[in-house]
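Whatever order the structure lists them in is the order used to number ligands and atoms, beginning at 1.
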Amino acid sequence: MPRLVMKFGGTSVADLDRIRNVARHVKREVDAGYDVAVVVSAMAGVTNQLVAWCRDAAPLHDAREYDAVVATGEQVTAGLLALVLQGIGINARSWQGWQLPIHTDNAHASARIAEVNGAELIKRFDELKQVAVIAGFQGIHADTGRITTLGRGGSDTSAVAIAAAIGAERCDIYTDVDGVYTTDPRVVPKAHRLDKIAFEEMLELASLGAKVMQVRSVELGMLHNVRIFVRSSFVKPEDIDPRQTPPGTLICDESEIMEQQTVTGIAFSKDEAQISIRRVQDKPGVAAAIFGPLADANINVDMIVQNVSADGATTDLTFTVPSADYERARVTIEKAKSAIGYELIDGSTNLAKVSVIGIGMRSHAGVAASAFKALAEQRINILAITTSEIKFSVLINAPQTDQAVRTLHTLYGLDQA
Ligand code: ADP
Ligand code: ASP
Ligand code: MG
C-alpha cells in the first residue's frame, strides 16, 4: 500500500474539536487506501507557554531540562489524537520521539535528526494496519538517553524525516494557510498562492523569515527528494473531492516547474540588529579577531559590510545579528577590543531584513537595481545590501517593513489580479 505522512501544526490541533477534524482527515486517507503516519505539533500556544516557564524558572536554563519541558506539548496532542482516532474506529497508536525512536545529535533545543526507525512503522502498517501518531519536534540522543527537541517549528522536520524513512509517496503539511504564498498573506493580502515552488527557493524563503516551513525540513526534503505538499487543515474533510487536486503548494524539484518567474517570493524578518565598529585597524587578521569570538559565543552573524579604507590605516565594519543577541554581541566585541584594535562601536536594534527570492534571477540582470529605485521612491532608506545567485536582501528600519514588502510585491508583478 502507498504510504503517506500527514503533519498538523499547532493551530490545526488547537482544541478537541480541531483534533476531531484532524482525525476525519486521517480517516479520509486511510479509507483512500494509504498507510498513514501522522505527525502532530503541540496545541497552539502551548510551546510558547512552556518556553516562557523555562525562562522564568531560570533565565540561563540548562538546555537538557528545557527540552524535557518543551517536548511535553507534542506528547499530549499525540495521545489525544490516537484516542480520538480509536473512537472513530481507526486502529491508532501514539509514539514519542524516544519510543520509536527518532535519534538525534546532542545539540539540545536545536538537535538534528540522525536516524528514524521507519522499519517499526512499516511493520505495524503491514501486520496491524495501524496508523502511527507521532509526536513532532522531539527525539532522543542515544548515548545520553535524553530527550531532545529540534528547534521551533521542528515538527515540519520530524514529518519530512519520517516521510524519507518510510518512503512515503508524499508528505502533507497541514497548516492554517492553504499553501505557500508569494509572501506572508497576513502582511500582504494581495499575496497569491504558488502551485509549485522549487526546494531551493523554499529554502531561501524559510531561512529568510517565512515561517511556514522550518528550514531544516526543506533541506531534508531536498536531500531525500520528498514531495512536500503544503495545504490547509481548515477545509472540512467531507468537502474534499478525491478526484481533484486540493488547493495547496507542492515543494518539488526545480525541473518540475515549467513556468519560471524571475521573482517567486518575498521574505522578511523584523528582529535584526546592527553593530558598527568604527576605525578598525585595516590589516590582515582583523576580521578573524572580530568574528572568531562571536562564533565562539554562538552568535549568528548575517550581513557583513566593510568599507574601503579612506586613509589606508583604518576602516569601518558593520554586521547584523538577531536582535535577541545584540547585547551579547556588543559585550563580546568590547571584550575583544584590544585584540581587534578599534576606536568605538555603535549600533541599533529595531531593523528588518527584506529579501527577494527567485531562481529566475540567475538569468536576469537588474532585478535588484529596480528594487533600490522603488524603495527610494517610497523614502525607505537602505542600510545594507547582500546579494547571491537567487536572492538579494536589504536592511531597513523595522517600522517600514510592511511598506517595503508591499512595494516590492507590486514591483515584481506578484499582486493577485
Ligand atoms: P503551523 O503551526 O501549522 O506549523 P506556522 O505558524 O508555523 O504553522 O506557519 C504558518 C504561518 O506562516 C502562516 O499562518 C503565515 O502567517 C506564515 N507565513 C509566512 N510567510 C508565508 C508564506 N510565504 N506563505 C504562507 N504562509 C506564510
Ligand atoms: N510545537 C513546536 C513549536 O511551536 C514545534 C512545531 O510546532 O513545529 O515550535
Ligand atoms: Mg510551523
Side-chain angles (χ1 to χ4, degrees), residues 6-14 18 22 25 39-52 54 66-67 69-78 97 109-111 113 134-139 148-162 171-195 197 201-218 228-234 247-249 251 263-270 354-358 401-402 405 408-409 414 416:
M6 305 172 75
K7 180 258 169 178
F8 295 89
T11 31
S12 306
V13 293
R18 295 243 173 103
V22 163
H25 274 291
V39 175
V40 288
S41 287
M43 294 157 93
V46 167
T47 309
N48 286 347
Q49 174 67 74
L50 295 169
V51 170
C54 288
Y66 167 93
D67 277 352
V69 175
V70 298
T72 58
E74 274 68 13
Q75 173 159 353
V76 173
T77 328
S110 60
I113 294 178
I134 303 160
F137 181 53
Q138 51 165 275
T148 53
T149 64
L150 310 178
R152 298 305 305 268
S155 297
D156 297 327
T157 304
S158 311
V160 175
I162 291 161
C171 179
D172 280 350
I173 303 287
Y174 285 83
T175 182
D176 56 5
V177 275
D178 62 358
V180 178
Y181 278 67
T182 44
T183 191
D184 190 338
R186 290 180 208 281
V187 171
V188 182
K190 285 183 188 159
H192 70 269
R193 192 183 62 233
L194 300 159
D195 288 336
I197 184 169
E201 291 174 316
M202 190 65 231
L203 200 55
E204 294 286 5
L205 266 184
S207 54
L208 294 166
K211 75 164 187 172
V212 60
M213 292 288 295
Q214 200 200 32
V215 178
R216 280 183 191 163
S217 70
V218 187
I228 302 170
F229 189 61
V230 182
R231 58 192 293 183
S232 170
S233 72
F234 294 157
T249 303
I251 307 174
V263 169
T264 304
I266 299 174
F268 54 87
S269 66
K270 291 187 181 176
V354 176
S355 307
V356 175
I357 295 130
T401 315
D402 295 6
V405 173
L408 298 178
H409 199 266
L414 299 175
Q416 209 173 50

Between Y181 and R193, does the side chain to side chain donor-acceptor pair (under 3.5 Å) criterion hold? Intermediate values first, please. CA-CA 4 Å; Y181 278 67; R193 192 183 62 233; 4.5 Å; no

When you measure from the heavy atoms of A191 to every atom of ligand 1, does any distance fall below 4.0 Å? no

Which class fits the ring pair F8 and Y174: parallel under 30°, tilted 30 to 60°, perpendicular over 60°? parallel

Considering non-hydrogen atoms of the protein only, which is the closest contact for atom 27 (C) of ligand 1, and what is the distance? V212 CB, 3.7 Å

Could you tell me the residue and atom name of the protein heavy atom closest to atom 14 (O) of ligand 1, and the distance to it rounded to 0.1 Å? R186 NH2, 2.5 Å

Is there side-chain contact between I134 and S158, with at least one heavy-atom pair below 4.5 Å? no

Proximal ligand 1 atoms for V180, defined as those under 4.0 Å from one of its heavy atoms: 24 (N)

Non-hydrogen atom of D176 closer than 4.0 Å to ligand 1: yes

Beyond-backbone contact of I173 with M213, side-chain heavy atoms, under 4.5 angstrom: yes

If you scan protein heavy atoms around atom 21 (C) of ligand 1, the nearest is D184 CA, 3.7 Å

A student checking ligand 1 against K7 at a 4.0 Å heavy-atom cut-off should list atoms 4 (O)

Side chains of S41 and K7: does their closest heavy-atom pair fall under 4.5 Å? yes

Provide, to 0.1 Å, the distance between atom 7 (O) of ligand 1 and the closest protein heavy atom, together with that atom's residue and name. K211 O, 3.5 Å

Atoms of ligand 1 less than 4.0 Å from G10 heavy atoms? 2 (O)

Should S12 be counted as touching ligand 1, given the test is an N or O pair under 3.5 Å? no

Y181: numbered ligand 1 atoms lying under 4.0 Å from its heavy atoms: 22 (C), 23 (N), 24 (N), 25 (C)

Report yes or no: does R152 have a heavy atom closer than 4.0 Å to ligand 1? no

Got a sec, which residues hit side-chain hydrogen bond (donor to acceptor under 3.5 Å, both in side chains) with D176, two or more places apart in sequence or on another chain? T11, R186

Any side-chain heavy atom of L205 within less than 4.5 Å of one from I197? yes

With side-chain contact (heavy atoms from CB on, under 4.5 Å) as the criterion, how do T264 and E204 come out once you've worked through the C-alpha distance, each side chain's angles and the decisive distance to 0.1 Å? CA-CA 11 Å; T264 304; E204 294 286 5; over 6 Å; no

Counting heavy atoms under 4.0 Å, the part of L205 that contacts ligand 1 is neither

Please identify which of these residues, H409, K190, Q416, meets the side-chain hydrogen bond (donor to acceptor under 3.5 Å, both in side chains) condition with T182. H409

Heavy-atom contacts under 4.0 Å to ligand 2, chain-then-number order, include exactly S41, A42, T47, E74, F137, R152, G153, G154, S155

When you check the side-chain N and O atoms of D67 and T148, is any donor under 3.5 Å from an acceptor? no

Identity and distance of the protein heavy atom lying nearest atom 25 (C) of ligand 1: G179 O, 3.4 Å

In this structure, CE of M6 is separated from CZ of F229 (nearest 0.5 Å) by 12.0 Å

Nearest heavy atom to atom 1 (P) of ligand 1: which of T11, T175, T264, V187 does it belong to? T175

Can you tell me how far apart CD1 (I251) and CD1 (I228) are? Round to the nearest 0.5 Å. 5.0 Å

Mind checking whether V354 and L408 have side chains closer than 4.5 Å, heavy atoms only? yes

